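Read the structure below first, then the notes.
All heavy atoms count here, side chains included; hydrogens, waters and symmetry mates do not. Chain letters run A, B, ... following the sequence lines, proteins first, then strands; residues in each count from 1. Just so we're clear, the structure is a prediction, and the values are computed from it rather than from any experiment.
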2 protein chains.
Amino acid sequence: MASIKDVAAEAGVSVATVSRVLNSHPSVSPDAQRRVLAAVDVLGYRPNAVARSLRTDQTRTLGLVISDVLNPYFTELARFVEEEARALGYSVIIGNADEQPDLQEHHVRTLLDRRIDGLLVSPADGSSPLTPGAAGSGTPMVFVDRCIQGVDVPVVRADGRDAIRDLVAHLHRLGHRRLAIIAGPAATTTGNERVEAFREALREHGLALPDAYIGQGDFQTDSGRRATERFLALPEPPEVVFAADNLMALGALDAIRARGLRVPQDIGLAAFDDIPWFLHTDPPITAIAQPTGELGRAAVRALVDLIEGRSPQSVTLPARLVVRSSCGERASNPRSNL
Amino acid sequence: MASIKDVAAEAGVSVATVSRVLNSHPSVSPDAQRRVLAAVDVLGYRPNAVARSLRTDQTRTLGLVISDVLNPYFTELARFVEEEARALGYSVIIGNADEQPDLQEHHVRTLLDRRIDGLLVSPADGSSPLTPGAAGSGTPMVFVDRCIQGVDVPVVRADGRDAIRDLVAHLHRLGHRRLAIIAGPAATTTGNERVEAFREALREHGLALPDAYIGQGDFQTDSGRRATERFLALPEPPEVVFAADNLMALGALDAIRARGLRVPQDIGLAAFDDIPWFLHTDPPITAIAQPTGELGRAAVRALVDLIEGRSPQSVTLPARLVVRSSCGERASNPRSNL
DNA sequence: ATCGTCGCTGTAATCGATTCCACGGCTCTG
DNA sequence: CAGAGCCGTGGAATCGATTACAGCGACGAT
């Protein structure tokens, strides 16, 4: 592949001049510029980003470490992140942690080795040592969706508290009293927060959240299935199951079907995270929607602010309840929540 | 961030020795090795992958350009690709083309600029000039899922012909005669092939595929919706709609619902690409499943073969029909297709 | 005693870019 | 007309690694 030297030779100028033309530096004569551009064209030259990065100490690349690419919520987030980053002139390298702390470590390390300009992380596990360490390594970093307590890094996330309160009110209005939750891993902030918000909302209605109604999940389909099976085996099973993410809701649906039960007649189901498929499940699933696009864009903007020396603030956006029919009542206007 | 020089100084050796230790070169004294390792530890040194890549002319990175990350099929493919690549010591950078040729160009160019060691592409559009050009650029390349005719590059893909024949036979057995297809873009091989296989399978049953029963889609949800609306407005609408990918099937389901029709009583629906959600839609959707994991792994192995100087062959794996109930008959044993 | 060999180490070139500095030639000014 | 200033340009240092080559002791063989 042609290098800057080849271009310089072809154009009859020095590499310095070629570099200046390529970086649109002002002091280049029109003639030299023309010759360089022609040489670039002839040779099909493309600057070597690796060499450039080494010299300039910037890669114009952002790292994004997400907990699980197969989760449509994160896929969507990743898409928006890439879009916004591209608009700002950055590329994005995605690392998929698959909810495994050591995989998360691996990706953070790899990305840091590549000298990415900034890191966007949705930590799978707060207790892993490297990720906080990365914060201290001087690489700009922003948490998205989830965070690690006690690490001083801007966080961009959605607050589901109000939406969960709305959900519980909705369920209470429908006459449901025995409400269960499938929680995420205790190591994640989103795992804890959603349980706490749920518990608090229940308390406002004079309801308790017994331990038996808290299923321990890990944000993966299987754990939703297992937790639901345990609920259904209880002497007094819950009337509604609320899954803390969409994959566990899918697992819950599996488990309910396998028992030969129907939603919502026999048991209600609601989920955190709304995805297009929830409209088409049997029945359509009531869910809490996060403003994924805004989240992704805000996260990139915060990170780029950090990289370019401005100081960003943390961002918290509201989530909202989308009522469908999986808890016992079809939304009054079925088209309204499409 | 500490560089190799700092480590050399700290350990009291030259940079050459440090490099040798880091690359486990044989001729280093145990003493020097110990001192270097200690220095690495003290400084928290990590080799700069950018500098290393510049010198060695290899990045140990693969590029993967896919047509649409939001399509669960591609997401899954990407996951398996990353997994296999990691096992072989490579990282993966994903570029999402969003079915737009110019975005695809952008990503291919960016990846090439980064001097990735190899490129895995699922071309959104065969007519774009850069991607074939990239093949000539000396960067190893493999097509996955889709290919560009006339470009001499190994292809790893699934052949849906037999599965489509099975599907048509299944539909015929159920008494359906008016079968329509929502095709993918004509510029993609998968777009054409599926229509041709469908047409051929129909012919075997003495059925025709009138133009009115071929909807032009672009593998996106909306196009599935629009094509289906057109089908339903026909004086004699089809009895079954076969969508050439899962997103268009989703759109078709939307359109059918919006008309107040029921699946499968009023109209049947089948899709190419099977995804977990199809089990939980109303009704569960009959689909053609690709061996995504095998596809992703085979693609990476072929690419790495190419990179490391072995000569890989193209791979074609069979897809298979998964019968559910969206075409009029519940599978005999509902658990058998989970 | 001398020479070759072997093991270990350091010096320096190199990868492909960016950028500081100096220099030659020109114009402008006093 | 001399000196200052500016413009365009090239030479060379630099980023952080890898690696060819040479040097240097120690040791064994002759």
How would you label the contact of [X] with the nucleic acid (heavy atoms, under 4.0 Å): base, sugar-phosphate, or nothing?
{"X": "A/Ala32", "result": "sugar-phosphate"}
{"X": "A/Asp57", "result": "nothing"}
{"X": "B/Pro47", "result": "sugar-phosphate"}
{"X": "A/Ser3", "result": "sugar-phosphate"}
{"X": "B/Val28", "result": "sugar-phosphate"}
{"X": "A/Val13", "result": "sugar-phosphate"}

Taking OP1 and OP2 of [N], is either one under 4.0 Å from a side-chain nitrogen or oxygen of [X]?
{"X": "B/Ser14", "N": "C/dT9", "value": "no"}
{"X": "A/Thr56", "N": "C/dA17", "value": "no"}
{"X": "A/Lys5", "N": "C/dC15", "value": "yes"}
{"X": "A/Ser27", "N": "D/dC6", "value": "no"}
{"X": "B/Ser53", "N": "C/dC15", "value": "no"}

Measuring from the side chain of [X] (C-beta onward, heavy atoms only), which nucleotide among [options] has the closest atom?
{"X": "B/Arg55", "options": "C/dT9, C/dT14, D/dC15", "answer": "C/dT14"}
{"X": "A/Ala51", "options": "C/dG16, D/dT18, D/dA12", "answer": "C/dG16"}
{"X": "B/Ala16", "options": "D/dT9, D/dT19, D/dG16", "answer": "D/dT19"}
{"X": "A/Asn48", "options": "C/dT19, C/dG16, C/dT9", "answer": "C/dG16"}
{"X": "A/Ile4", "options": "C/dT18, D/dT9, D/dG16", "answer": "C/dT18"}

Could you check how far [atom1] of [X] sits from [atom2] of [N], rounded to whole Å?
{"X": "B/Arg114", "N": "C/dG16", "atom1": "CZ", "atom2": "C1'", "answer": "16 Å"}
{"X": "B/Asp6", "N": "D/dA17", "atom1": "CG", "atom2": "C1'", "answer": "13 Å"}
{"X": "B/Gln58", "N": "D/dG16", "atom1": "CD", "atom2": "P", "answer": "21 Å"}
{"X": "A/His25", "N": "D/dG10", "atom1": "NE2", "atom2": "P", "answer": "14 Å"}
{"X": "B/Leu22", "N": "C/dT9", "atom1": "CG", "atom2": "P", "answer": "15 Å"}
{"X": "A/Tyr45", "N": "C/dG16", "atom1": "OH", "atom2": "C1'", "answer": "7 Å"}
{"X": "B/Arg52", "N": "C/dG16", "atom1": "CZ", "atom2": "C1'", "answer": "18 Å"}
{"X": "B/Asp31", "N": "C/dT9", "atom1": "CG", "atom2": "C1'", "answer": "12 Å"}

The reported gap from OG1 in A/Thr190 to CZ in A/Arg146 (rounded to nearest 0.5 angstrom) is 4.5 Å

Pairing of [X] and [Y] as salt bridge, 4.0 angstrom limit:
{"X": "A/Arg109", "Y": "A/Asp113", "answer": "no"}
{"X": "A/Arg35", "Y": "A/Asp31", "answer": "yes"}
{"X": "B/Glu76", "Y": "B/Arg79", "answer": "no"}

Are more than 12 heavy atoms, taken from residues, nucleotides or ligands other than B/Asp57, located less than 6.0 Å from that residue's CG atom?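 Open: at most 12 neighbouring heavy atoms sit under 6.0 Å from CG of B/Asp57.
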
Could you pick out which residue, B/Arg20 or B/Leu54, lies toward the 5' side of DNA chain D when each is mapped onto its nearest nucleotide?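 Nearer the 5' end of the strand: B/Leu54.
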
For B/Pro30 and for A/Asn23, locate the closest nucleotide of DNA chain C by heavy-atom distance; then report the residue assigned to the nucleotide nearer the 5' terminus. B/Pro30

Hey, are A/Asn71 and A/Asp245 close enough side-chain-wise for a donor-acceptor pair under 3.5 Å?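 Judged by distance alone, the side chains do pair up.
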
